[in-house]
Amino acid sequence: MPLRFHNTLTQQTEPFLPARDNTVRMYTCGPTVYDFAHIGNFRTFTFVDLLRKVLRLNGFALNHVMNITDVDDKIIRNAVARRQSIADFTTTYTQAFLDDCATLRLERPERLSKATEHIDDMVRAIGDLGAKGHTYTTEGSVYYKIATFPEYGKLSHNDFSGNLAGARVDVDTYEKNDARDFALWKAPKEGEPFWDAGIGPGRPGWHIECSVMAIKYLGETLDIHAGGIDLVFPHHENEIAQSEALTGKQFARFWLHAEFLLVEGQKMSKSLGNFYTLRDLVGRGYAPEAIRYLLISVPYRKQLNFTLDGLKAAVIAIERLRNFKLRLETDRFAEGLNEALAGRTAQAAEAFRDGLDDDLNTAEALAAVFELVRDLNTAMDAGEFRAGNVAAALDFLKVFDSVFDVLTPTAKAGELSDADVDARIAERAAAKKAKNFALADEIRNQLLEQGIVLEDTKAGVRWKRK
RNA sequence: GGCGCGGUAGCCAAGUGGUAAGGCCAGGGUCUGCAAAACCCUCAUUCGUCGGUUCGAUUCCGACCCGCGCCUCCA
């Protein structure tokens, strides 16, 4: 089966191919850098990373732009509270975000694009929209006139033909002609930063940056636009209104949205005490790979219930996979090739790919992995596994890890070097040979305290970092 | 009220019109100097509830109940 994605626009799962050549032009909504990102944010960013890796696995090249929103109301509020300049404040949290992404092993998009570096582009776009009759100005702020875009609502599948019965209305409504209209350019309030770029002093509205930067770097029609599901309305709907009014072309062919994350079955909130940043969890000793695994293992269109128990289960599941890999690398197998097992491995690799290609069904893909692990372990125990089967099994793990990226432990400070470990193992071997099991066990325990786990096998001692 | 997602074993979770993947936990066993690792066995006659369609539904249709999201800044 070909690669397919669920498209929010059509509400269908559709085969995916880039529109032109072999490159996927993709835009994803990045962070607003007003604080440390939380685990819910990272559910979405991890989904985007998964998307990148599956696209690459399918042989596509990537041109991916992610925005950094570095000017908005919350940023201004928090920076003022800290008595920091906007620039200093956002630099701090942008760097924190990038560090967190690295911790979670998220690939950098081909381009990170900051809103404040594209003010002129935005002003120009707002001018163009005005020239086409899509805007009006009230008290120095420029608004988009939704009535001029009949298709408004096509992404979120809202019917705006009638009144917005029951919808809550923004407090600034009196400045707008229609509750749906939104600000392209906001006149500055007292003490707020502003740019004077030809349409009066002010700062850009939130939505315009994405339209402008996406079109600038990726062209008028994107292959994929992705983000969290809460952005469907109004953010992405507004992006469509702006972009399509500007270009007359379809803005994005595929819209992908990641579902929400709950913590212990409840909405994450500071008042419930279940609000986690990545730093909180790593600080409590949870391995970043386990967090990554948990975030990625639940298919992205399903709400993810993030729990500490789930995190512990993830740690153990990863360990099992690492043990399997270590066994492949260290056990001695009889020469030859077991044809049946070779076929089994190839079949698992196909099932893994099929799962991912089916709208990133990671649960399905993981099942294929664990079934193979069990079958090959069983074969090893039974002495049926052959030296000639090792390479294909390791290749399979390599493909798995090119997507999941959890097999390599995160390095910790102050670890013993490989040489130190080998020296201690030699001491222990001597003790064992002399039947001095007390000393052998003592050495093993000492190493364990330093995060080194020893295993005696028929092929000799092997070790791993815990 | 409108739009959308979901309710499958203790927990996480896949899935199909033909009788329930996978992971974790738990109990028992094999192996081992002891461990570790690994494997084996057990662990949902049942898929929110009630109806309907069907030879047959967890899977299709309808109603209802419950959880969550968006409709206002929000991953």
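The sequence lines fix the lettering, A, B, ..., with proteins before strands; numbering per chain opens at 1.
Taking T94(A) as the reference, nothing meets the side-chain hydrogen bond (donor to acceptor under 3.5 Å, both in side chains) condition, with sequence neighbours excluded. Not counting sequence neighbours, the partners of K154(A) by the salt bridge (Lys or Arg N to Asp or Glu O under 4.0 Å) test are E151(A), E244(A).
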Practice prompt. Decide yes or no on ring-ring contact (aromatic ring centres under 6.0 Å, His included) for Y93(A) and Y34(A), but give the supporting numbers first.
Written response: CA-CA 7 Å; Y93(A) 285 107; Y34(A) 68 98; 8.3 Å; no
Discussion item. Between E259(A) and F47(A), is the side chain to side chain contact (heavy atoms under 4.5 Å, CB included) condition met? List the steps.
Written reply: CA-CA 10 Å; E259(A) 255 293 353; F47(A) 145 67; over 6 Å; no
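Residue G40(A) is in base contact, counting any heavy-atom pair closer than 4.0 Å across all strands shown. K432(A) comes within contact range of at least one nucleobase, with a heavy-atom separation under 4.0 Å. Within the nucleic acid shown, P299(A) comes within 4.0 Å of sugar-phosphate atoms alone, with no base atom in reach, counting heavy atoms only. Here F233(A) lies in heavy-atom contact (under 4.0 Å) with sugar-phosphate atoms only. Within 4.0 Å of R444(A), counting heavy atoms only, lies at least one base atom of the nucleic acid.
Under the Watson-Crick or G-U wobble criterion, with both distances below 3.5 Å, C60(B) is paired with G52(B). Within the shown strands, C71(B) is the pairing partner of G1(B) under the Watson-Crick or G-U definition, both distances less than 3.5 Å. Base-pair partner of U45(B): not found among the strands shown (Watson-Crick or G-U wobble, both distances under 3.5 Å). When Watson-Crick and G-U wobble pairs are counted only if both distances are under 3.5 Å, C24(B) pairs with G10(B). With both pairing distances under 3.5 Å, A37(B) is matched to nothing as a Watson-Crick or G-U wobble pair.
The separation of A63(B) from U53(B), taken at their C1' atoms, amounts to 15 Å, rounded to a whole angstrom. Atom name P, nucleotides C60(B) and C70(B): the rounded distance is 27 Å, in whole Å.
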Item to complete: Any chance you could list the contact pattern along nucleotides 19-32 of chain B? Use B for base contacts, S for sugar-phosphate-only contacts and - for none, protein heavy atoms under 4.0 Å, 5' to 3'.
Response: --BSSSS-------
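Between the CG atom of D375(A) and the P atom of A38(B) there is a distance of 15 Å, rounded to whole Å. Atom OH of Y152(A) is separated from atom C1' of C71(B) by 10 Å (rounded to the nearest Å).
The side chain of T378(A) sits closest to C39(B) out of A75(B), C39(B), A13(B). The side chain of N377(A) lies closest to A38(B), out of C70(B), A38(B), A37(B). Considering only side-chain atoms of N323(A), the nucleotide from A75(B), C71(B), A38(B) that sits closest is A38(B). The side chain of F437(A) approaches G33(B) more closely than any other nucleotide in the set G33(B), A13(B), A75(B).
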Review item, side-chain donor-acceptor pairs of residues 95-104 of chain A, under 3.5 Å, at least two apart:
from, atom 1, to, atom 2, distance (Å)
Q95(A), NE2, D99(A), OD1, 2.9
D100(A), OD1, R279(A), NE, 2.9
D100(A), OD1, R279(A), NH2, 3.1
D100(A), OD2, R279(A), NE, 3.3
T103(A), OG1, D99(A), O, 3.0

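Checking N305(A) against T307(A) by side-chain atom types alone, no donor-acceptor pair falls below 3.5 Å.
Residue pairs meeting the side-chain hydrogen bond (donor to acceptor under 3.5 Å, both in side chains) criterion with at least one partner in residues 379-390 of chain A, sequence neighbours excluded, are R327(A)-D381(A).
Just one of F233(A), F182(A), W185(A), Y144(A) meets the ring-ring contact (aromatic ring centres under 6.0 Å, His included) condition when paired with H207(A); it is F182(A).
For the contact set between residues 3-15 of chain A and RNA chain B, defined by any heavy atom under 4.0 Å, the members are Q11(A).
Figure legend: K145(A) and Y136(A) shown without cation-pi pairing, the cationic atom not lying both under 6.0 angstrom from the six-membered ring centre and within 45 degrees of its axis.
Centre separation under 5.5 Å together with a plane angle under 30° does not hold for the ring of F42(A) and the six-membered base ring of A75(B), so they are not marked as stacked.
For a distance-only test at 3.5 Å, the side chain of D441(A) qualifies as a donor-acceptor partner of the base of G33(B).
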